[in-house]
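Some notes on the structure that comes next.
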Amino acid sequence: VLMAFPSGLLAEVNEETGLIVDEHWQLVAGMCSSCHSLKIVTAQRGDRRYWEKTIRWMQKTQNLWVIPPEIENKILDYLSKNYADEEAGRRPALPPALMPGKRE
């Protein structure tokens with residue numbers, strides 16, 4: 001399946017996983033889907049640093065195992081290329097004053 005993205009690019013998307021078909025997409029599918037839906041991956045956008053921080057957060061708070069550096073680099077290459085920052089990415093977090101339970 002070919003899909004158009006906000007950047008104007010067309011990309012092949014695997015129907016089963018929802019991931020963009022590119023180098024290392026099957027590695028990402030296998031690693032990420034072992035813990036959560038791949039929709040969590042495809043809903044995010046960020047540069048390499050964002051994705052690395054996300055992995056570190058999952059390791060610290062979600063019991064994600066230590067990924068060997070050569071595998072982690074392939075995952076980061078794929079994510080930072082195919083799910084990079086875009087205008088149509090995830091909305092910014094609410095300001096603290098608008099969080100539930102906060103009244104001022």
- Message: Checking T17 against W25 for the side-chain contact (heavy atoms from CB on, under 4.5 Å) test, could you report, in this order, the C-alpha distance in whole Å, the side-chain angles of both residues, the deciding distance, and whether it holds?
- Response: CA-CA 10 Å; T17 65; W25 75 272; 3.8 Å; yes
Quick one: does [X]'s side chain get under 4.5 Å of [Y]'s, heavy atoms only?
{"X": "E72", "Y": "W51", "result": "no"}
{"X": "M31", "Y": "I75", "result": "yes"}
{"X": "L38", "Y": "L19", "result": "yes"}
{"X": "L64", "Y": "W57", "result": "no"}

- Task: Would you mind checking if E52 and R56 are paired as a salt bridge, meaning a charged N to carboxylate O distance below 4.0 Å?
- Result: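 Salt bridge: yes.
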Using 0.5 Å steps for rounding, measure from the [atom1] atom of [X] to the [atom2] atom of [Y].
{"X": "D22", "Y": "N82", "atom1": "CG", "atom2": "CG", "result": "4.5 Å"}
{"X": "M58", "Y": "C32", "atom1": "CE", "atom2": "SG", "result": "6.5 Å"}
{"X": "L27", "Y": "I67", "atom1": "CG", "atom2": "CD1", "result": "8.5 Å"}

- Query: What closest approach, in Å, do H36 and V41 show between heavy atoms, and which atom pair accounts for it?
  - Reply: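 Taking every non-hydrogen atom into account, CE1-CG2, 3.7 Å.
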- Heavy atoms only: give me the nearest I20-A11 pair and the separation to one decimal.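 Nearest pair, atom of I20 first, then A11: CG2-CB, 3.9 Å.
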- Message: Tell me every residue that passes side chain to side chain contact (heavy atoms under 4.5 Å, CB included) with R48, counting only those two or more places apart in sequence or in another chain.
- Response: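 Side chain to side chain contact (heavy atoms under 4.5 Å, CB included) list for R48, sorted by chain: N73, L76, D77, S80.
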- Item | Any residue meeting side chain to side chain contact (heavy atoms under 4.5 Å, CB included) with Q26, in chain and number order, not counting sequence neighbours |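 With neighbours one apart ignored, the set is empty.
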- Task: Evaluate the ring planes of Y83 and Y78, with Trp represented by its six-membered ring, and classify them as parallel (under 30°), tilted (30 to 60°) or perpendicular (over 60°).
- Result: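 Geometry flag for Y78 against Y83: tilted rings.
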- Query: Would you find a donor on one side and an acceptor on the other, under 3.5 Å apart, between the side chain of R45 and the backbone of T42?
  - Reply: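 Checking the backbone N and O of T42 against the side chain of R45, a donor-acceptor pair under 3.5 Å is found.
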- Same cluster for W65 and I55 if Ile/Leu/Val/Met/Phe/Trp/Tyr side chains link at under 4.5 Å?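 Result: yes, single cluster for both.
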- Item | Residues, nucleotides or ligands: over 12 heavy atoms within 6.0 Å of E70 CD |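 For E70, atom CD is crowded (more than 12 foreign heavy atoms under 6.0 Å).
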- Task: Verify the neighbour count for atom CD of Q59: are there more than 12 heavy atoms of other residues, nucleotides or ligands below 6.0 Å?
- Result: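 Atom CD in Q59 is packed in, count exceeds 12.
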- Apply salt bridge (Lys or Arg N to Asp or Glu O under 4.0 Å) to K53 and list each qualifying residue two or more places apart in sequence or on a separate chain.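 Once residues adjacent in sequence are excluded, K53 has no partner under the salt bridge (Lys or Arg N to Asp or Glu O under 4.0 Å) criterion.
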